[in-house]
Colleague: 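This structure is in structure tokens; I'll ask about it shortly.
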Amino acid sequence: MKPVNTIKLELESRSVNESFARATVAAFAAQLDPNVEEISDIKTAVSEAVTNCIVHAYPDCVGKIYIYAAIYENGKFKVKIKDKGKGIEDVEKAMEPLYTTLGGERAGLGFAVMESFCDKIKVKSKPGKGTTVTLEKIFSGRSATDDRS
Amino acid sequence: MSINITSTPMRLTIALSGEIDHHNAAALRLEADDAIQSSLASNIRIDFGDVTFMDSSGIGFVLGRYRIAESCGANVEVINLSGRLYTMMKLAGLEKLVTLKTK
Ligand SMILES: Nc1ncnc2c1ncn2[C@@H]1O[C@H](COP(=O)(O)OP(=O)(O)OP(=O)(O)O)[C@@H](O)[C@H]1O
Ligand SMILES: [Mg+2]
């Protein structure tokens, strides 16, 4: 299925951009007329994925984060968060709740939060090459076809 | 994002407001830990009533403060949680370590 609308963003992996990234994606998702809870779900999931790029993918340098978001006719929203950083050795293990390679103040819950607030999550990663997280959520609001122009 | 700390002999209250993410958790952490470590109160209360957004960094924040409070012999209470934040903290199993109270 072809999306009815898409956006692309490229940002530097600076922590000050975390709020910018989640607010921008949420503002775009607003075209699907989501309710307050659904907007919070998207904001939280995007914040997790972007923070992971900043703290894990590029731990000691500033790299690029690529965000692509798409709106589909049936109320489906898709967002891809991609980095060209460190990558993940064992994706299945990384996605287990409470698993973290950083410890300290990290709870190891980012992926668990993304899973619980989205309908679908896909993680593709290659050590040394980077990681792409794809999140999907179906919004219950009116469909985006109504005022497509 | 802001933090407001008040204290009585028995209780230290840390009231947070705004958005808690990885970026601003660092500053909150410094202020909160200073207060906890110099306090003699046996109860640390973290008030989430005015928090408008939180990701897993908020969970890390509570976990970290719990560890410090515990090493100082104090217990931790997290209050005024919205349904969403309560669910996230339960997801982390925080209810086994601290008292969680909803709005
Ligand atoms: N973009 C990424 N690049 C490299 N490694 C990643 C990336 N995203 C996640 N990881 C790895 O997966 C682990 C689990 O991620 P998750 O977000 O669930 O927990 P966390 O980031 O460690 O802690 P929290 O999100 O609770 O602060 C991380 O500790 C890290 O090792
Ligand atoms: Mg994370």
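Residue numbers start from 1 in every chain, and the chains themselves are labelled A, B, ... in the order their sequence lines are given, proteins ahead of strands.
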Colleague: Counting only heavy atoms not in B:Met10, do more than 12 fall under 6.0 Å of its CE?
Modeller: no
Colleague: Does a side-chain heavy-atom distance below 4.5 Å link B:Leu91 with A:Pro97?
Modeller: no
Colleague: Spell out, yes or no, whether A:Leu102 and B:Ile20 are grouped together once hydrophobic residues are joined by side-chain heavy atoms under 4.5 Å, including indirect joins.
Modeller: no
Colleague: When you check the gap from the basic side-chain N to the acidic O, do B:Arg67 and A:Glu105 get nearer than 4.0 Å?
Modeller: no
Colleague: As an exercise, state the distance from OG1 of B:Thr87 to CZ of A:Phe117, rounded to the nearest 0.5 Å.
Modeller: 6.5 Å
Colleague: Please check if atom CD in A:Glu89 has more than 12 non-hydrogen atoms from other residues, nucleotides or ligands closer than 6.0 Å.
Modeller: no
Colleague: Can you see whether B:Ser56 engages A:Arg106 through a side-chain donor-acceptor pair at a distance of less than 3.5 angstrom?
Modeller: no
Colleague: Considering non-hydrogen atoms only, spot the tightest contact between A:Ala107 and B:Ile59 and give its length.
Modeller: CB-CG2, 3.8 Å
Colleague: A:Tyr68, A:Phe77: one ILVMFWY side-chain cluster at the under-4.5 Å cut-off?
Modeller: no
Colleague: What residues of residues 38-53 of chain A sit under 4.5 Å from chain B when only non-hydrogen atoms are counted?
Modeller: A:Ser40, A:Asp41, A:Lys43, A:Thr44, A:Ser47, A:Glu48, A:Thr51
Colleague: Quick one: what part of A:Arg22 sits under 4.5 Å from any heavy atom of chain B, side chain, backbone, both or neither?
Modeller: side chain
Colleague: Can you tell me if A:Lys122 has over 12 outside heavy atoms packed within less than 6.0 Å of its NZ?
Modeller: no
Colleague: Do B:Met1 and B:Val62 share a hydrophobic cluster, counting only Ile, Leu, Val, Met, Phe, Trp and Tyr and linking them when any side-chain heavy atoms are less than 4.5 Å apart?
Modeller: yes
Colleague: Do A:Ile71 and A:Ile7 sit in one hydrophobic cluster, given that two such residues count as connected whenever their side-chain heavy atoms are within less than 4.5 Å of each other, even indirectly?
Modeller: yes
Colleague: Under 4.5 Å heavy-atom distance to chain B, tell me which part of A:Ser116 shows up: side chain, backbone, both or neither.
Modeller: side chain
Colleague: What distance separates A:Ser15 OG from B:Asn24 CG, expressed to the nearest 0.5 Å?
Modeller: 8.5 Å
Colleague: Check whether more than 12 heavy atoms from other residues, nucleotides or ligands sit under 6.0 Å from atom CD of A:Glu10, and answer yes or no.
Modeller: yes
Colleague: Restricting to non-hydrogen atoms, name the atom on B:Ala92 and the atom on A:Leu109 that form the minimum distance, rounded to 0.1 Å.
Modeller: CB-CD1, 3.0 Å
Colleague: Take atom CD1 of A:Ile138 as the centre, draw a 6.0 Å sphere, and report whether it contains more than 12 heavy atoms from other residues, nucleotides or ligands.
Modeller: yes
Colleague: Would a single hydrophobic cluster contain both B:Tyr66 and B:Ile36, if residues Ile, Leu, Val, Met, Phe, Trp and Tyr are joined by side-chain heavy-atom contacts under 4.5 Å?
Modeller: yes
